[in-house]
Amino acid sequence: RWPTPDELWAATYAEPNRWRDRFAAVPLQSYGRFEPRYYQYNAIQRTLDAIADGKDRILLTLATGTGKTVIAFHIAWKLFQARWNIGDWKAEGEPTRRPRILFLADRNILADQAYNSFDAFGDDARARVRPADIRKKGGVPKNATVFFTIFQTFMSGTDENGDPAPWFGDYPAD
């Protein structure tokens with residue numbers, strides 16, 4: 001007889017890994033334009049495998065037009081749905097909260113494009129960080145899960161004395 005999918009999984013991954021199993025249980029969020037190509041799928045899978053194996057530094061380098069936003073979306077989607085976060089990553093037990101994710105772009109048009117592309121997360125989970133909004137509200141938004149901004153915005157900002165104090169410092173280290 002042919003082995004069942006569960007038997008194949010057990011034979012391929014003999015050693016248990018809770019994060020690998022959690023990531024595998026989350027299906028890719030595919031609706032038309034976000035169906036990953038084979039090399040995008042490989043990048044997504046290898047990144048999640050590295051995270052599951054405990055690696056805390058991962059670098060993906062892709063050329064223009066290869067779908068970096070698609071890859072970033074699927075990685076973020078799986079991390080979000082699996083409730084992966086720094087605090088629970090290497091601890092035992094069930095994860096307690098969803099991660100906070102920063103999509104950092106080098107141009108506003110790219111940050112806006114990514115914000116719109118990540119619409120599957122819903123409006124309550126996404127925040128577009130802009131200098132005008134920070135000045136208007138008196139601080140950076142913290143009530144979302146996925147934040148979109150550009151490097152220049154996070155590196156700007158001042159404290160109450162007018163001294164440079166980058167906005168990214170307003171977020172907790174985790």
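Reckoned from all heavy atoms, side chains included, excluding hydrogens, waters and symmetry mates.
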(message) Keeping Asn161 on the side-chain end and Asp163 on the backbone end, is there a donor-acceptor pair under 3.5 Å?
(response) no
(request) Could you tell me which non-hydrogen atom of Phe118 sits nearest to which non-hydrogen atom of Ala76, and how far apart they are? (result) CE2-CB, 4.0 Å
(request) Test Lys142 against Asp170 for side chain to side chain contact (heavy atoms under 4.5 Å, CB included), laying out the working first. (result) CA-CA 9 Å; Lys142 295 181 181 175; Asp170 289 354; 4.2 Å; yes
(request) Might you point out which heavy atoms bring Trp89 and Ile51 nearest each other, and give the distance in Å? (result) NE1-O, 3.0 Å
(message) For Phe151, I'd like to know if atom CZ has over 12 heavy atoms of other residues, nucleotides or ligands within 6.0 Å.
(response) no
(request) Indicate, with yes or no, if Leu60 and Leu104 share a hydrophobic cluster defined by side-chain heavy-atom contacts under 4.5 Å among Ile, Leu, Val, Met, Phe, Trp and Tyr. (result) no
(request) Report the distance from atom CG of Asp49 to atom OH of Tyr13, rounding to the nearest 0.5 Å. (result) 6.0 Å
(message) I'd like to know whether Leu79 forms a side chain to side chain contact (heavy atoms under 4.5 Å, CB included) with Leu48, so could you lay out the CA-CA distance, the side-chain angles of the two residues, the decisive distance to 0.1 Å, and finally the verdict.
(response) CA-CA 8 Å; Leu79 294 175; Leu48 294 171; 4.1 Å; yes
(request) Identify the two heavy atoms, one from Ala144 and one from Ala127, that lie closest to each other, and give their separation to 0.1 Å. (result) CB-CB, 3.6 Å
(request) Sorted by first residue and then second, give each salt bridge (Lys or Arg N to Asp or Glu O under 4.0 Å) pair with at least one member in residues 74-92; sequence neighbours left out. (result) none
(message) Once rounded to the nearest 0.5 Å, what's the spacing between atom CG of Asp124 and atom CG of Asn143?
(response) 9.5 Å
(request) Determine the interplanar angle of the Phe73 and Trp77 rings, folded into 0 to 90°, and report it as parallel if under 30°, tilted if 30 to 60°, perpendicular if over 60°. (result) parallel
(message) Ring centroids only, cut at 6.0 angstrom: are Phe103 and Tyr115 within range, meaning strictly under it?
(response) no
(message) Do Phe148 and Leu110 land in one hydrophobic cluster if side-chain heavy atoms of ILVMFWY residues count as linked below 4.5 Å?
(response) no
(message) Listing request: all salt bridge (Lys or Arg N to Asp or Glu O under 4.0 Å) pairs with a residue in residues 12-29, at least two apart in sequence or in separate chains.
(response) Arg22-Glu94
(request) Can you measure from OG1 (Thr12) to CD (Glu7) and round to the nearest 0.5 angstrom? (result) 11.5 Å
(message) Can you confirm whether or not the ring centre of Phe154 sits under 6.0 Å from the ring centre of Tyr171?
(response) yes
(request) Determine the minimum heavy-atom distance between Asn108 and Ile150, stating which atoms define it. (result) N-CG2, 3.5 Å
(request) Report yes if the side chains of Lys68 and Gln40 come closer than 4.5 Å at any heavy-atom pair, otherwise no. (result) no
(request) Could you tell me which non-hydrogen atom of Leu8 sits nearest to which non-hydrogen atom of Pro3, and how far apart they are? (result) CD2-CG, 3.7 Å
(request) Return yes when atom CZ of Phe121 has more than 12 non-hydrogen atoms of other residues, nucleotides or ligands closer than 6.0 Å, and no otherwise. (result) yes
(request) Report the distance from atom OG1 of Thr69 to atom CG of Asn116, rounding to the nearest 0.5 Å. (result) 11.0 Å
(request) Kindly work out whether a path of hydrophobic side-chain contacts (I/L/V/M/F/W/Y, heavy atoms less than 4.5 Å apart) joins Val70 to Phe23. (result) no
(request) Taking the side chain as every heavy atom from C-beta outward, state whether Val140 and Thr149 have any pair of such atoms under 4.5 Å apart. (result) no
(message) According to salt bridge (Lys or Arg N to Asp or Glu O under 4.0 Å), does anything in residues 100-115 pair up with another residue at least two apart or in another chain? List the pairs.
(response) Arg100-Asp174, Asp112-Arg128, Asp112-Arg130
(message) Do Ile58 and Ile44 land in one hydrophobic cluster if side-chain heavy atoms of ILVMFWY residues count as linked below 4.5 Å?
(response) yes
(request) Begin with the C-alpha distance, continue with both residues' side-chain angles, and end with the deciding distance and a verdict on side chain to side chain contact (heavy atoms under 4.5 Å, CB included) for Val129 and Trp167. (result) CA-CA 10 Å; Val129 183; Trp167 291 118; over 6 Å; no
(message) Do Leu28 and Pro36 have side chains that approach each other closer than 4.5 Å (heavy atoms only, starting at C-beta)?
(response) yes
(message) Grouping I, L, V, M, F, W and Y whenever their side-chain heavy atoms are under 4.5 Å apart, do Val146 and Trp84 come out in a common cluster?
(response) no
(request) Measure across Ala82 and Pro95 and return the closest heavy-atom pair with its distance rounded to 0.1 Å. (result) O-CG, 3.9 Å
(request) Report the distance from atom CG of Asp53 to atom CZ of Arg46, rounding to the nearest 0.5 Å. (result) 13.0 Å
(message) If I take atom CD1 from residue Ile101 and atom CD1 from residue Ile75, how far apart are they, to the nearest 0.5 angstrom?
(response) 10.0 Å
